[in-house]
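The sequence lines fix the lettering, A, B, ..., with proteins before strands; numbering per chain opens at 1. Side chains included, hydrogens not; waters and symmetry mates left out as well; all remaining heavy atoms used.
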Number of protein chains: 2
Amino acid sequence: MKRNGRPIIPKKTIYRLSIYLRCLARLRENGIGTVSSEALAKAAGVKSTQLRKDLAYFGTFGTRGLGYDVSELSQKISGELGTAQLQPVVLVGVGHLGLALLSYRGFEKEGFEIIAAFDTEPNRKREKKIAQPILGIREMPAFVAEHAVKMAILSVPVAVAQETVNALIKSGVMGILNFAPIVLAVPEDVMVNNVNLAIELENLSYFIQG
Amino acid sequence: MKRNGRPIIPKKTIYRLSIYLRCLARLRENGIGTVSSEALAKAAGVKSTQLRKDLAYFGTFGTRGLGYDVSELSQKISGELGTAQLQPVVLVGVGHLGLALLSYRGFEKEGFEIIAAFDTEPNRKREKKIAQPILGIREMPAFVAEHAVKMAILSVPVAVAQETVNALIKSGVMGILNFAPIVLAVPEDVMVNNVNLAIELENLSYFIQG
DNA sequence: AAGTGTTTGTGAAATGTTTCACAAGAAATT
DNA sequence: AATTTCTTGTGAAACATTTCACAAACACTT
Ligand SMILES: NC(=O)c1ccc[n+]([C@@H]2O[C@H](COP(=O)([O-])OP(=O)(O)OC[C@H]3O[C@@H](n4cnc5c(N)ncnc54)[C@H](O)[C@@H]3O)[C@@H](O)[C@H]2O)c1
Ligand SMILES: NC(=O)c1ccc[n+]([C@@H]2O[C@H](COP(=O)([O-])OP(=O)(O)OC[C@H]3O[C@@H](n4cnc5c(N)ncnc54)[C@H](O)[C@@H]3O)[C@@H](O)[C@H]2O)c1
């Protein structure tokens, strides 16, 4: 199926590309140069036909009888996902959760950098020493515009989540990773990914009881 | 579609039930007694036909011309999801992230209680005062078995995630909420829900660039 | 250089999910 | 009591995703 030249790619395929990318990174660390769809699929926890179908949306870069070049495939997937170069991200709401995220050193490796955080109380004493600047929420619009930030992590209380997101969008943010347990209203061209831990637990609860 | 008496319910339907439940909770807080599929669907960010189809998997509890009774529907959904009574959960790995999760007071309201946490260094000085006991990882098997814990939150480093999950499963855990960015290998009857923030960001990255 | 074995890429089929269209049931109104 | 209005519940259709089955392409061996 196609629309304006490019095939329409299932959302789940995009998620799986990220998983493949991580599996490929491990292979590369172990000095492995080529991998078959069978082996990579197993590492990723999917069927090999699905992996091949997923990759086929973007072109053909395997070698029949041999498999895929690990480096080449990594690069290709990175390029498609838009993480080939480091993406600037801001975080809003430096509380319990925000602080944990800020002190996580794993994002850089994956192509993202939290370049600043914003809070209504930027100067409140916090337990941890953080590398990134914590600024007042009023400085957010100018900062986001100036640094052309397109993505934000939202870890503010539920009560202010919608207004905060409105402000972020107004400043030019197009993608939001939301931790507040609320359905945010956003324009069509803005994307929200929700991380709701209670829902994940509830989901587990359902499937383990049935 | 049916298998052994009960209809097969789409995975996504289960996720949406959780969302409906939260919207219903808000309605109840606002003293609203009945709600139409149209209104509830809007609050949940889905189409009303989808909401009705989702509910239809479990029976028929609406009143035509009127809508659904908020309390009754809440109870019914809670019952289906298995969160009608408080579920005990344990957390393994009390680091940056684990500590943030432990100090979060939102889970009880949603039907879950983290009753204990485990770490290789339970006595390390931590910044926050936590209500739950932090125990040595060696005490985990006995504790989990004794309290019939079926769900665990995993926030240990990647390097020890697989062995930790093996131990949890051995002790009787059936559902795991995993924060370590790795594909865990588990038996068929055990369920893993992964929360991978880098993948969520990557996903945003793809959709906002295209 | 020919033959053998392996693995990709891909239409077609199967399966799964969402949306449509509308009959049927209940409340509200006259 | 009859009529109108509203809203649910549900087969059928449309759409989306996964799996199957196998031809085509390449590597490796002899
Ligand atoms: N902590 C967790 O483990 C956890 C788990 C699931 C969901 N959540 C959700 O994540 C969000 C944050 O949780 P938390 O535990 O870190 O809460 P928190 O109260 O510790 O932190 C919230 C932070 O947001 C800041 N803030 C408040 N209003 C603001 C505004 N208008 N603009 C900018 N900053 C503002 C506060 O100063 C505070 O630092 C909440 O919506 C919560 O429901 C948290
Ligand atoms: N912090 C974040 O924001 C964040 C974001 C995304 C993913 N993650 C992932 O979550 C996990 C935890 O991250 P973190 O930042 O809290 O790490 P952390 O190093 O701060 O915490 C890990 C904790 O696990 C404990 N631990 C180590 N081995 C253990 C074992 N065998 N049994 C029990 N406990 C053990 C350590 O003592 C430590 O307290 C990691 O896998 C990380 O990749 C974290």
Side-chain angles (χ1 to χ4, degrees), chain A residues 1-3 6-20 23-24 27 32-70 72-74 76-77 80 203 206-207 210, chain B residues 1-3 6-20 23-24 27 32-70 72-74 76-77 80 203 206-207 210:
Chain A
M1 204 189 327
K2 296 202 178 192
R3 204 171 288 163
R6 291 212 184 142
I8 292 195
I9 294 153
K11 288 189 210 313
K12 287 190 167 183
T13 291
I14 305 303
Y15 268 102
R16 284 192 298 265
L17 287 184
S18 288
I19 297 172
Y20 304 152
C23 295
L24 287 167
L27 291 173
I32 294 168
T34 45
V35 67
S36 71
S37 64
E38 197 67 52
L40 183 54
K42 193 168 181 192
V46 302
K47 299 218 160 149
S48 65
T49 50
Q50 177 149 76
L51 166 56
R52 294 202 298 275
K53 186 64 101 182
D54 284 340
L55 297 182
Y57 287 114
F58 301 95
T60 77
F61 11 80
T63 307
R64 295 179 190 211
L66 187 62
Y68 301 90
D69 182 278
V70 172
E72 193 188 316
L73 188 55
S74 295
K76 183 72 187 171
I77 294 178
E80 289 295 342
N203 200 250
Y206 174 82
F207 284 104
Chain B
M1 205 188 323
K2 296 201 177 193
R3 203 169 291 165
R6 292 214 183 139
I8 293 196
I9 295 153
K11 288 188 210 315
K12 287 190 167 182
T13 290
I14 304 303
Y15 268 102
R16 285 191 299 265
L17 287 184
S18 289
I19 296 172
Y20 304 152
C23 296
L24 288 167
L27 292 172
I32 294 168
T34 46
V35 66
S36 71
S37 64
E38 197 68 51
L40 183 54
K42 194 169 181 190
V46 303
K47 301 220 159 146
S48 65
T49 50
Q50 178 150 74
L51 166 55
R52 294 203 297 277
K53 185 64 102 181
D54 283 342
L55 297 182
Y57 287 114
F58 301 97
T60 79
F61 10 80
T63 307
R64 293 178 190 214
L66 189 62
Y68 301 89
D69 182 278
V70 172
E72 193 188 316
L73 188 55
S74 295
K76 183 71 187 170
I77 294 178
E80 289 294 342
N203 201 248
Y206 174 82
F207 284 104

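Summarising the geometry, the separation between NZ on B:K11 and P on C:dG16 is reported as 10 Å, rounded to the nearest angstrom. Here C:dT8 presents its C1' atom at 13 Å from CG of A:L73, a figure rounded to the nearest Å. Atom P of nucleotide D:dA16 and atom CD1 of A:I8 are separated by 7 Å, given to the nearest angstrom. In this structure, B:K12 atom NZ and D:dA16 atom P are separated by 11 Å, rounded to whole Å. Straight-line distance from the CG atom of B:D54 to the C1' atom of D:dT8: 14 Å, rounded to whole Å. Atom CZ in B:F61 sits roughly 13 Å away from atom P in D:dT8 (whole-Å rounding). Counting to the nearest Å, the C1' atom of D:dG9 and the CG atom of B:L55 are 10 Å from each other. In this structure, A:L51 places its CG atom 13 Å from P of C:dT7, rounding to the nearest Å.
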One character per nucleotide, please: for nucleotides 24-30 of chain C, 5' to 3', B when the base has a protein heavy atom closer than 4.0 Å, S when only the sugar-phosphate does, - otherwise.
BBS----
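DNA chain D is contacted by no residue of residues 39-49 of chain B, taking any non-hydrogen atom closer than 4.0 Å.
Nearest to the side-chain atoms of B:T60 among the listed nucleotides D:dG9, D:dT17, C:dG9 stands D:dG9. Out of D:dT18, C:dT17, C:dT7, the shortest distance to the side chain of A:Q50 is found at D:dT18.
Close to D:dT18, at under 4.0 Å from its OP1 or OP2, lies no side-chain N or O of A:Y57. OP1 or OP2 of D:dT18 sits under 4.0 Å from a side-chain N or O of A:R16. Phosphate proximity of D:dC22 to A:R52: absent, as no side-chain N or O sits under 4.0 Å from OP1 or OP2.
The closest side-chain heavy-atom distance from A:I9 to B:Y206 is below 4.5 Å. Proximity of A:F58 to A:I77: side-chain heavy atoms (C-beta onward) are nowhere separated by under 4.5 Å.
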Step-by-step side-chain contact (heavy atoms from CB on, under 4.5 Å) determination, B:T34 to B:T63
CA-CA 10 Å; B:T34 46; B:T63 307; over 6 Å; no
When you look at B:Y68 and B:L40, which way does the side-chain contact (heavy atoms from CB on, under 4.5 Å) test go after all the steps?
CA-CA 9 Å; B:Y68 301 89; B:L40 183 54; 5.5 Å; no
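At the heavy-atom level, A:K53 lies under 4.0 Å from base atoms of the strands shown.
In this structure, A:Y68 and B:P10 both approach DNA chain C, and ranking their closest nucleotides by distance from the 5' end singles out A:Y68.
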Please set out all donor-acceptor pairs under 3.5 angstrom arising from side-chain atoms of residues 12-19 of chain A, sequence neighbours excluded.
unit_1 : atom_1 : unit_2 : atom_2 : d
A:T13  : OG1    : A:R16  : NH2    : 3.4
A:T13  : OG1    : A:D54  : OD1    : 2.8
A:Y15  : OH     : B:E200 : OE1    : 2.8
A:Y15  : OH     : B:E200 : OE2    : 3.4
A:R16  : NE     : A:D54  : OD2    : 2.7
A:R16  : NH2    : A:D54  : OD1    : 3.0
A:R16  : NH2    : A:D54  : OD2    : 3.4
A:S18  : OG     : B:E202 : OE1    : 2.5

Pair up each side-chain donor or acceptor in residues 43-53 of chain B with any protein partner under 3.5 Å, not counting sequence neighbours, and list the distances.
unit_1 : atom_1 : unit_2 : atom_2 : d
B:S48  : OG     : B:E38  : OE1    : 3.4
B:R52  : NH1    : B:S37  : OG     : 3.0

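The distance from the NZ atom of A:K76 to the CG atom of A:L24 is 14.0 Å, given to the nearest 0.5 Å. Rounding to the nearest 0.5 Å places OG of A:S36 at 10.5 Å from NZ of A:K42.
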